Amino acid sequence: HVLLNFAYYKMSSSDSGHRKGPSAKDNPNYDLCEFLMELSAYERNVTRNTFKSNAYRSAASSLAAYPTRVTGAKEASSIKGIGKRISEKIEEFLSTGKLKKLEKIRTDDTSTALTELTRVSGVGPAKARQLYDAGITNIMELKKRTELLTHHQLIGLKYVEDFEKKIPRAEVQTIERAIRGSLSNMKQQYNMTVCGSYRRGSERSGDVDVLLTYDNVEVERKTVKLEESSSSLTKETNAKNEVAKKRKDISDGSSDEENHNKDNINTKKNRKLKADQKYTTSSPSGSSSDNKSYATNESSSPSANKESASKTNHRAMLQSVVHQLQKDNIVTDQLSLGDTKFMGVCRVPPEECYRRLDIRLLAPEHYYCGILYFTGSDLFNKDMRTQALAAGFTLNEYNIRPMGSTGVPGEPLHVNSELEVFDYIGMKYKQPSERNM
DNA sequence: AGCCTACT
DNA sequence: CAGAGTAGGCTA
Ligand SMILES: [Mg+2]
Ligand SMILES: [Mg+2]
C-alpha cells in the first residue's frame, strides 16, 4: 500500500503533503480519491495509458474538492471529470467497500514490481518494464544491477528513501536562506523566489523549487511604472504586492545586462533558442556597456568571461550558480543541468536528509509567467493552460501568446504581473494558496 | 530526431 | 476529437 501510495504521490503534484495528493485525510471522499489515484498509478506504470492515468487523477482532484460525501453513481457523475465508467467504480466501492479491478491489480506481481521500481527518480514506466524483463522486481535487486542505470537513476537510487520524505516548511526556509547567502557572494546577482508547493503555502513540500532571474534594472523600473498606472483595483493590489515582493528579493540592483536578443554566433545554442525565449518587451535598452554583468564568482568557473555582457549565456550563468552552491556544500549531487534548468540534490545541516532541489533560471522579462508556472500545481497549470487555449491563447513559462487562426502562436503579450495572465484568459485571479488542484 | 522522464 | 507545455539526457 505504501508503494502504491508513493507512486501516486509522485505523480500528483509531488509537493503537498506526502500522501496528500489532491486529497487530504479530512476530505469526506478521501478513500474514493485514494482508489482513483491508485488506478491512475496503475494506468501510468503498468499499462502506460497516459490519458487514462490523467483521467483518474483529474477525477480524484475534482472529487477532493467536492464538499460532501458522494453517495452514489448519479451524484458522482455530476462532478467534472467523472463520467459513466468512473462513477460505476465509485458505486461499486460504496456498496461493497472495495473494487475488484483494484484487488486484482494489488495481487499482480508485475504491477507490484513496476510500481516499486518507479519509486526511483529517473525510472519511469518504460525503464521499469525493461528492468522487470531483466528479472529485477524490487529496489533491493536493483542495487545489485547498477550497471543498468543512468546517472540520474543512480542518484535516484542512492537517495530513494530520503526523496520520499517531506520537507517541513521551516526547512525549506533554511535551505532558502542558505542559497541566498551563497548566491549573494556572486558578482552576478539574482532575483530569487521559492515557488512550488512552498509558495502555495504548504506546510510540507516534496522538494524545493527555486526560480532565479538575473538582475535587470531597466525591466524592474518599467515594471513598477506600469503597475502604478494600472487601473483595476484588484489588479493594482495584487500586482503591487508582487512587485513589492520582487523588489524585496533583489539584493543588488546595480547590474544590468541583455544577452538574449544578441545574435551571437553560438551555433547549437542559438539554433535551439525558442521564439518564446527571445526578448519581446521593448527590452532593457540596458547598459550592456555596464560590464559588470556576468563575471561569475571569484573562481574558476570555466565561463568566467572575458566577453562583454552581451556574450554571456544562460548555460554559463546556471553552471556558475550550481558551482557556487556546490562550493558552499549546499548542492551535493546533480541529476541534470542545462541552460535554464538544474535538477539536483541539496542538504543543509544540521538536517541530515538529502533533498531534491530544482532551479529554473529565466530572463527577467519572463519572471511573471515563470513564477506562475513554477508555483503550480501541476494540475492547476494544466487546467489554466487548457483554459488559455479555449480563450485563444497559449501559455508557457515564458509568455502568453495569442493563437492565430492558423493555429500558429502570435507574438508574446506583455505581462507585468501574474494577475495580467489571468486577465488575458478571463480567469479570476487565484492566490497561490488557491492553486492546489 | 525521437523517446523517456522529469518539472509545475 | 483533443488532451499543457517544456527541459535535459540518452540512444541510435
Ligand atoms: Mg516542487
Ligand atoms: Mg521540483
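Source: prediction; values computed, not measured. What you see below is based on every heavy atom in this structure, not just the backbone, and it leaves out hydrogens, waters and symmetry mates. Below, chain A is the first sequence line, B the second, and so on; all start at residue 1.
- Taking A:F342 as the reference, nothing meets the ring pair (Phe, Tyr, Trp, His ring centres under 6.0 Å) condition, with sequence neighbours excluded.
- Atom CG in A:D378 sits about 17 Å away from atom P in C:dT6, given to the nearest Å.
- Atom CG in A:L379 sits about 14 Å away from atom C1' in C:dG5, given to the nearest Å.
- Straight-line distance from the CG atom of A:L395 to the P atom of B:dT8: 17 Å, rounded to whole Å.
- Following rounding to the nearest Å, A:N381 (CG) and B:dT8 (C1') show an atom-to-atom distance of 5 Å.
- Between A:Y398 and C:dA4, a side-chain N or O to OP1/OP2 separation shorter than 4.0 Å is absent.
- In summary, the side chains of A:T332 and A:R347 do not present any donor paired with an acceptor at a separation below 3.5 Å, with no hydrogens or angles considered.
- You'll find that the side chain of A:R44 is closest to B:dA6, out of B:dA6, C:dT6, B:dT8.
- Atoms CG (A:L362) and P (C:dA7) sit 10 Å apart, rounded to a whole Å.
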Acceptor/donor pairs from residues 126-136 of chain A side chains to any protein atom, 3.5 angstrom cut, sequence neighbours excluded:
residue	atom	partner	partner atom	Å
A:K127	NZ	A:L148	O	2.5
A:R129	NH2	A:V46	O	3.3
A:Y132	OH	A:T110	OG1	2.9

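- Within the nucleic acid shown, A:T50 has no heavy atom closer than 4.0 Å to any nucleic acid atom.
- For the residue pair A:T213/A:H366, the side-chain donor-acceptor check at 3.5 Å is not satisfied.
- Here A:F374 lies in heavy-atom contact (under 4.0 Å) with sugar-phosphate atoms only.
- Take the nearest nucleotide of DNA chain C for A:F51 and for A:F342: the residue whose nucleotide is more 5' is A:F51.
- OP1 and OP2 of B:dC3 both lie 4.0 Å or more from every side-chain N or O belonging to A:R48.
- Qualifying side chain to side chain donor-acceptor pair (under 3.5 Å) partners for A:Y66, counting only residues two or more places apart in sequence or in other chains: A:E75.
- Here salt bridge (charged side-chain N to carboxylate O under 4.0 Å, His left out) pairs that include residues 382-396 of chain A, with residues two or more places apart or in two chains, number zero.
- Phosphate proximity of B:dC4 to A:R129: absent, as no side-chain N or O sits under 4.0 Å from OP1 or OP2.
- Looking at residues two or more places apart in sequence or on another chain, you find a side chain to side chain donor-acceptor pair (under 3.5 Å) between A:E171 and A:R355.
- For the residue pair A:C33 and A:A60, the shortest heavy atom distance occurs at SG-O, 3.5 Å.
- Closest to the side chain of A:Y373, from the set C:dG8, C:dT6, B:dT8, is B:dT8.
- Straight-line distance from the CG atom of A:D358 to the P atom of C:dG8: 12 Å, rounded to whole Å.
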Nucleotide N/O to protein N/O under 3.5 Å, stretch nucleotides 9-12 of chain C:
residue	atom	partner	partner atom	Å
C:dG9	OP1	A:L337	N	3.0
C:dG9	OP1	A:L337	O	3.2

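- Atom CG in A:N45 sits about 10 Å away from atom P in B:dA6, given to the nearest Å.
- Considering only the side chain of A:R360, C:dA7 comes nearest among C:dA7, B:dC7, B:dT5.
- Put simply, A:K341 has no side-chain N or O that comes within less than 4.0 Å of OP1 or OP2 on C:dA7.
- The nearest whole Å value for the distance from the CZ atom in A:F393 to the P atom in C:dG5 is 13 Å.
- At a threshold of 4.0 angstrom between heavy atoms, the contacts of A:L372 with the nucleic acid are absent.
- Of the listed nucleotides (C:dT6, B:dT8, B:dC4), C:dT6 has the atom at the smallest distance from the side chain of A:E397.
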